J.: 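Take a look at the following structure, please.
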Amino acid sequence: MDRKHILVVDDDPHILELIRTILTQGNYRVTTAGDGQRALDSLRGSRVDAVITDALMPGLDGPALTEKIKADPNLKDLPVIMITASSQPGMVRKSFSSGCMLFLPKPFTRASLISILQLALGQESGPKGESG
């Protein structure tokens, strides 16, 4: 089975390492970026299957990064998951209006991170409806 490649973007190195560990243990390939601009550079240099980005970062924040991804014809279908410790309703609205697919509040559990990612990738482990 081909391992899915996930780009994780966060300005907190501890969060990057936590998510990298969780996803690596879940059999995903992981690339990390410490800010939105590095993430864009990485996206243009390799193929990834999904992006998990922090909403609040200096410079190019999560919603701005998502808008740039969705504006690029080569990246527009890439699922973006927004994570944040912000409990402001405006941040959720801003994240979805920028084009993110799913929103995951911090702190999150390993199970919730993997479940959200599987949903974004269309890898739900439950019944799919029709069987072949």
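Small disclaimer: the values here were computed from a predicted structure and weren't measured.
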J.: Testing the basics here: between A120 and I81, what is the closest heavy-atom pair and its distance to 0.1 Å?
T.: CB-CD1, 3.9 Å

J.: Check whether L104 and V9 end up in the same hydrophobic cluster, where Ile, Leu, Val, Met, Phe, Trp and Tyr are linked by side-chain heavy atoms less than 4.5 Å apart.
T.: no

J.: Given side-chain contact (heavy atoms from CB on, under 4.5 Å), test R44 with D72 step by step and report yes or no.
T.: CA-CA 10 Å; R44 292 184 177 123; D72 185 320; 4.0 Å; yes

J.: Keeping the roles fixed (side chain from K70, backbone from K76), state whether a donor-acceptor pair exists under 3.5 Å.
T.: yes

J.: Which residue in the set T53, D35, L40 passes side-chain contact (heavy atoms from CB on, under 4.5 Å) when paired with L60?
T.: L40

J.: So which atom in S46 and which in H5 form the shortest heavy-atom distance, rounded to 0.1 Å?
T.: OG-CE1, 4.0 Å

J.: Would you call L7 and I52 a side-chain contact if the rule is heavy atoms closer than 4.5 Å?
T.: no

J.: Going from OG1 on T31 to CZ on R20, what distance comes out if it is rounded to the nearest 0.5 angstrom?
T.: 8.0 Å

J.: Among I22, L23, L18, find the one that has a side-chain contact (heavy atoms from CB on, under 4.5 Å) with V8.
T.: L23

J.: Atom CD in Q37, atom OG in S42: separation rounded to 0.5 Å?
T.: 11.5 Å

J.: Any heavy-atom pair between the side chains of D12 and D54 that's under 4.5 Å?
T.: no

J.: Taking all heavy atoms of A39 and all of L65, pick out the closest pair and write down the distance.
T.: CB-CD2, 4.0 Å

J.: Could you go step by step and tell me if L56 and M91 meet the side-chain contact (heavy atoms from CB on, under 4.5 Å) rule?
T.: CA-CA 9 Å; L56 301 173; M91 180 51 70; 3.2 Å; yes

J.: Would you say the side-chain atoms of T66 pair up with the backbone N or O of G62, donor to acceptor, closer than 3.5 Å?
T.: yes

J.: For L78 versus V48, what's the shortest heavy-atom pair and its separation?
T.: CD1-O, 3.3 Å

J.: The test is side-chain contact (heavy atoms from CB on, under 4.5 Å); show your working for L121 and Y28 and say whether it passes.
T.: CA-CA 12 Å; L121 294 170; Y28 292 95; 3.7 Å; yes

J.: Determine the minimum heavy-atom distance between S95 and M82, stating which atoms define it.
T.: OG-CG, 3.3 Å

J.: Which pair of non-hydrogen atoms, one from F108 and one from P105, has the smallest distance, and what is that distance?
T.: CB-O, 3.6 Å

J.: For the atom pair NZ (K106) and CG (L113), what is the distance rounded to the nearest 0.5 Å?
T.: 11.5 Å

J.: Out of curiosity, does L16 fall in the hydrophobic cluster containing L117 (side-chain heavy atoms, cut-off under 4.5 Å, transitive links)?
T.: yes

J.: Going by salt bridge (charged side-chain N to carboxylate O under 4.0 Å, His left out), name the pairs with one or both residues in residues 85-103, residues two or more places apart or in two chains.
T.: D61-K94

J.: Roughly how far apart are I114 CD1 and L119 CG, rounded to 0.5 Å?
T.: 13.0 Å

J.: May I have the step-by-step check of side-chain contact (heavy atoms from CB on, under 4.5 Å) for I116 and I83, ending in yes or no?
T.: CA-CA 11 Å; I116 289 284; I83 57 173; over 6 Å; no

J.: Hey, does the side chain of T24 reach the backbone of T21 with a donor-acceptor pair shorter than 3.5 angstrom?
T.: no

J.: Does NZ belonging to K68 count more than 12 external heavy atoms closer than 6.0 Å?
T.: no

J.: Where the side chain of D49 meets the backbone of I6, is there a donor-acceptor pair that is under 3.5 Å apart?
T.: no

